[in-house]
*Asks:* 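My questions will all concern the structure given below.
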Amino acid sequence: MAAEPTAHALLQKHRPTLDQALEAIRTRAYWSPHPEHPKAYGENGSLDAAAGKAAFDALLGNRLDLADQPGIDDWVGGEVSPYGIELGVTYPHPDIDVLLPAMRAGQRAWRDAGAELRAVVCLEILKRISDRTHQFAHAVMHTSGQAFMMAFQAGGPHAQDRGLEAVAYAYAEQVRTPGQAEWTKPQGKRDPLVLTKRFTAVPRGIGLVIGCNTFPTWNGYPGLFASLATGNAVLVKPHPRAVLPLALTVRIARDVLAEAGFDPNLVALAAERPGEGIAKTLALRPEIRIIDYTGSTAFGDWLETNAHQAQVYTEKAGVNTVIVHSTDDYQGMLSNLAFSLSLYSGQMCTTPQNLLIPRDGIATDQGHKSFDEVTADLARAVDGLLGDDARANALLGAIVNPDVKARLGAAAGLGEVALASREVANPEFPDAVVRTPVIVKLDGAKPDDEAAYMSECFGPVSFAVAVDSAADAVELLRRTVREKGAMTVGAYTTDAATEQTVEEACLEEAAQLSLNLTGGVYVNQTAAFSDFHGSGGNPAANAALTDSAFVANRFRMVEVRREA
């Protein structure tokens, strides 16, 4: 198929969506082109629930064929679902000395295509992913341990929204500079100096996306599409326990690129053998000029320190904090916090960990509540939310790996337990490890307790930390964000001065703040096109999803000037 008619068709098909995305990032108002409800799929080429499940089942036990990807020297796999199913899917293992040069070969044509055509090709990739949302939901569920509905939404439309958001920001930054300009400088009585100048967005090189286990698509798509839309080839290195969702993404991207007349090797997969650690090898290759990483602080710090040839974007770990000072909706606060602590077993980089509560208690619409009453009432709220096993399974999902289970088991020994974790049986998946959250009471004035609450304990573990006053809570919040980082901060207060102090602390420490959430919006959820995920201004992450800074340094403007 010739590139020209395909390009015209793609522009006609997707330019309106691109324009809507550009308007959404300008206004920050709610918008999404990707339906959240499973019943919205099944027409216009998209898979319905049954077809999506069948498409997922057809992958199990088979090779995921990327046979046209250069440099395949082996087939690797080994994913086991947190729900106890062996996926049995195998993927191409790359000879990187063959693959990386092949990826670079297509970049010139991709660069010369221009920002608009690159954007609509990316939107076509996202549209085809969206059509297979039901298949992706099962792939995300059985690699991350998310419950189905969360895997459907976070792994599907919400991830696709983040990818589209990255494309919109990338396009906006590239077209900020005109493609051509006439430059005339008066010279008095002499003839003016006249130059014709042409400006081209030039990609940095190959982007490396290092995927995570818990949110392979949601965290993977911003970097993938930001790099691709700015003209770079992209090598996707999934987490070894969560290969399938990103491998499906790569396969779709390669198909679209080829149909649009571009080299499919602009997007490739790097699956690894058990224990191979290919991410470190790839990260230091001179061909790799951009790295997107979500995961542990230790490896993120290593990338920032050692991958000098690349522009490195990291989302690492932080200690998320909620200040509980006062509220005019006590039950709403408890319900909101209970949901935030329980969703996906706390296995989100945005889940609250430390709840800072004055030891003398808080003012509420139900009267004064002591520290012990607040923690006990929160424990009851979590118990009430998760008391029914069917509902608990739908919210909690499964524990993603043994490390999370071990941290959960050890947390009970750190202090007085306000809420004990319990095991939940999953009748559909008997081998799934499902646990409710634990809440442990600690004292902010005791040095022995500080080691616990000042360290990230990823998983369904939260600490109710007694502090002397609101001022002490804000100071501890400030120190926590400065030293450990935070993806999210929450606060409950009816006092204007306290609210202003918390807000100022978050502005100075560059932490995203949610105030007095008591309804259906939660501190650990963010909306594409409107909310920034992270800020890039504290140790939890050096980038925000998604803003101009996330895309602008993936390309450089190169000028060619001539005398007119």
*Asks:* Ignoring hydrogens and geometry, is there a side-chain-to-backbone donor-acceptor pair from Asn320 to Met487 under 3.5 Å?
*Replies:* yes
*Asks:* Please name the residue in the list Gln153, Gln160, Glu36, His34 that meets the side-chain hydrogen bond (donor to acceptor under 3.5 Å, both in side chains) test with Thr133.
*Replies:* Gln160
*Asks:* Please tell me if the side chains of Cys349 and His533 come closer than 4.5 Å, counting only heavy atoms from C-beta onward.
*Replies:* yes
*Asks:* Could you walk me through whether Leu303 and Ile210 pass the side-chain contact (heavy atoms from CB on, under 4.5 Å) check?
*Replies:* CA-CA 11 Å; Leu303 288 169; Ile210 303 175; 4.1 Å; yes
*Asks:* Would you please classify the geometry between the Trp302 ring and the Phe299 ring as parallel, tilted or perpendicular, with 30° and 60° separating the classes?
*Replies:* parallel
*Asks:* Does the distance from a Lys or Arg side-chain N to an Asp or Glu carboxylate O, for Glu456 and Lys484, drop under 4.0 Å?
*Replies:* no
*Asks:* Any donor-acceptor pair under 3.5 Å linking the side chain of Gln174 with the backbone of Ala170?
*Replies:* yes
*Asks:* Quick one, Tyr41 and Pro35 - any side-chain contact, counting heavy atoms below 4.5 Å?
*Replies:* yes
*Asks:* Will you find, in the side chains of Thr230 and Asn232, an N or O donor that is under 3.5 Å from an N or O acceptor?
*Replies:* yes
*Asks:* Could you tell me whether Arg407 and Asp403 have a side-chain N and a carboxylate O separated by less than 4.0 Å?
*Replies:* no
*Asks:* Taking the side chain as every heavy atom from C-beta outward, state whether Thr350 and Tyr522 have any pair of such atoms under 4.5 Å apart.
*Replies:* no
*Asks:* Determine whether the side chains of Thr480 and Tyr453 contain a donor N or O and an acceptor N or O closer than 3.5 Å.
*Replies:* no
*Asks:* How many angstroms lie between atom CG of Leu337 and atom OG of Ser342, to the nearest 0.5 angstrom?
*Replies:* 10.0 Å
*Asks:* Of all heavy-atom pairs between Phe148 and Ala137, which one has the smallest distance, and what is that distance?
*Replies:* CE1-CB, 3.7 Å
*Asks:* For the pair Gln353 (side chain) and Cys457 (backbone), establish whether a donor and an acceptor sit closer than 3.5 Å, ignoring hydrogens and angles.
*Replies:* yes
*Asks:* So that I can tick it off, tell me whether Asp377 and Arg380 are bridged by a salt bridge, with the cut-off set at under 4.0 angstrom between side-chain N and carboxylate O.
*Replies:* yes
*Asks:* Using a strict threshold of under 4.0 Å (side-chain N to carboxylate O), is an ion pair present between Arg15 and Glu116?
*Replies:* yes
*Asks:* Please round to the nearest 0.5 Å and tell me the distance separating atom CG of Asn336 and atom OG of Ser514.
*Replies:* 9.0 Å
*Asks:* Provide the closest heavy-atom pair for Pro539 versus Gly485 in the form atom of the first, atom of the second, distance.
*Replies:* CD-CA, 3.7 Å
*Asks:* Taking C-beta and beyond as the side chain, do Thr17 and Leu164 meet within less than 4.5 Å on heavy atoms?
*Replies:* yes
*Asks:* OH of Tyr313 to CD of Glu304: how many Å apart, nearest 0.5 Å?
*Replies:* 12.5 Å
*Asks:* Measuring from Arg482:CZ to Glu509:CD, what's the distance to the nearest 0.5 Å?
*Replies:* 4.0 Å
*Asks:* Please name the pair of heavy atoms, one in Cys506 and one in Leu477, separated by the smallest distance, quoted to 0.1 Å.
*Replies:* SG-CD2, 4.3 Å
*Asks:* Is the backbone N or O of Ala486 less than 3.5 Å from a side-chain atom of Asn538, with the two atoms forming a donor-acceptor pair by type?
*Replies:* yes
*Asks:* Looking at Leu385, Thr351, Val382, which hits side chain to side chain contact (heavy atoms under 4.5 Å, CB included) with Pro437?
*Replies:* Val382
*Asks:* Are Glu23 and Asp19 packed together at the side-chain level, in the sense that at least one heavy-atom pair is separated by less than 4.5 angstrom?
*Replies:* no
*Asks:* List the atom of Ala544, the atom of Phe550, and the distance in Å for their closest heavy-atom pair.
*Replies:* O-CB, 3.5 Å
*Asks:* With Phe215, which of Met150, Glu315, Gln347 fulfils side chain to side chain contact (heavy atoms under 4.5 Å, CB included)?
*Replies:* Met150
*Asks:* Using a 4.5 Å cut-off on heavy atoms from C-beta on, say whether the side chain of Met333 contacts that of Val324.
*Replies:* yes
*Asks:* Checking side-chain polar atoms at under 3.5 Å, does Arg422 have a donor or acceptor matched by the opposite partner on Thr436?
*Replies:* no
*Asks:* Tell me whether Tyr293 contacts the main-chain N or O of Gly211 through its side chain, where contact means a donor paired with an acceptor under 3.5 Å.
*Replies:* no
*Asks:* Donor-acceptor pair, distance only, cut-off 3.5 Å: does the side chain of Ser326 make one with the backbone of Thr494?
*Replies:* yes
*Asks:* Side-chain contact, heavy-atom cut-off 4.5 Å: Tyr330 with Val374?
*Replies:* yes
*Asks:* Cation-pi check for Phe532 against Arg28: NZ or CZ below 6.0 Å from the six-membered ring centre and within 45 degrees of the axis, yes or no?
*Replies:* yes
*Asks:* When you measure from the side chain of Asp468 to the backbone N and O of Arg359, does any donor-acceptor pair fall under 3.5 Å?
*Replies:* no
*Asks:* Centroid separation under 6.0 Å, is that true for the rings of Tyr83 and His138?
*Replies:* no
*Asks:* State, yes or no, whether a side-chain contact exists between Thr375 and Ile439 at a heavy-atom distance under 4.5 Å.
*Replies:* no
*Asks:* Could you give me the CA-CA distance, side-chain angles and deciding distance for Val404 and Ser345, then say whether side-chain contact (heavy atoms from CB on, under 4.5 Å) is met?
*Replies:* CA-CA 10 Å; Val404 174; Ser345 300; over 6 Å; no
*Asks:* Counting only N and O atoms by type, is there a donor-acceptor contact under 3.5 Å from the side chain of Ser535 to the main-chain atoms of Ala510?
*Replies:* yes
*Asks:* Let's go through Thr327 and Asn516 carefully: what are the C-alpha distance in whole Å and the side-chain angles of both, what is the deciding distance for side-chain contact (heavy atoms from CB on, under 4.5 Å) to 0.1 Å, and is it a yes or a no?
*Replies:* CA-CA 8 Å; Thr327 180; Asn516 296 318; 5.6 Å; no
*Asks:* Could you check Leu507, Val502, Val523 and say which one makes a side chain to side chain contact (heavy atoms under 4.5 Å, CB included) with Leu513?
*Replies:* Val502
*Asks:* Using atom types as modelled and distance alone, determine if a side-chain donor or acceptor of Asp161 lies under 3.5 Å from a backbone N or O of Ser32.
*Replies:* no
*Asks:* Which heavy atom of Thr217 sits nearest a heavy atom of Pro222, and at what distance?
*Replies:* O-CD, 4.3 Å
*Asks:* For Asn553, does its backbone N or O pair with a side-chain atom of Arg204 as donor and acceptor, under 3.5 Å?
*Replies:* yes
*Asks:* side-chain hydrogen bond (donor to acceptor under 3.5 Å, both in side chains) with Thr526: which of His158, Gln512, Arg162?
*Replies:* Arg162
*Asks:* Between Ile323 and Thr493, does the side-chain contact (heavy atoms from CB on, under 4.5 Å) criterion hold? Intermediate values first, please.
*Replies:* CA-CA 8 Å; Ile323 292 177; Thr493 181; over 6 Å; no
*Asks:* Provide the closest heavy-atom pair for Val234 versus Ser227 in the form atom of the first, atom of the second, distance.
*Replies:* CG2-CB, 3.7 Å
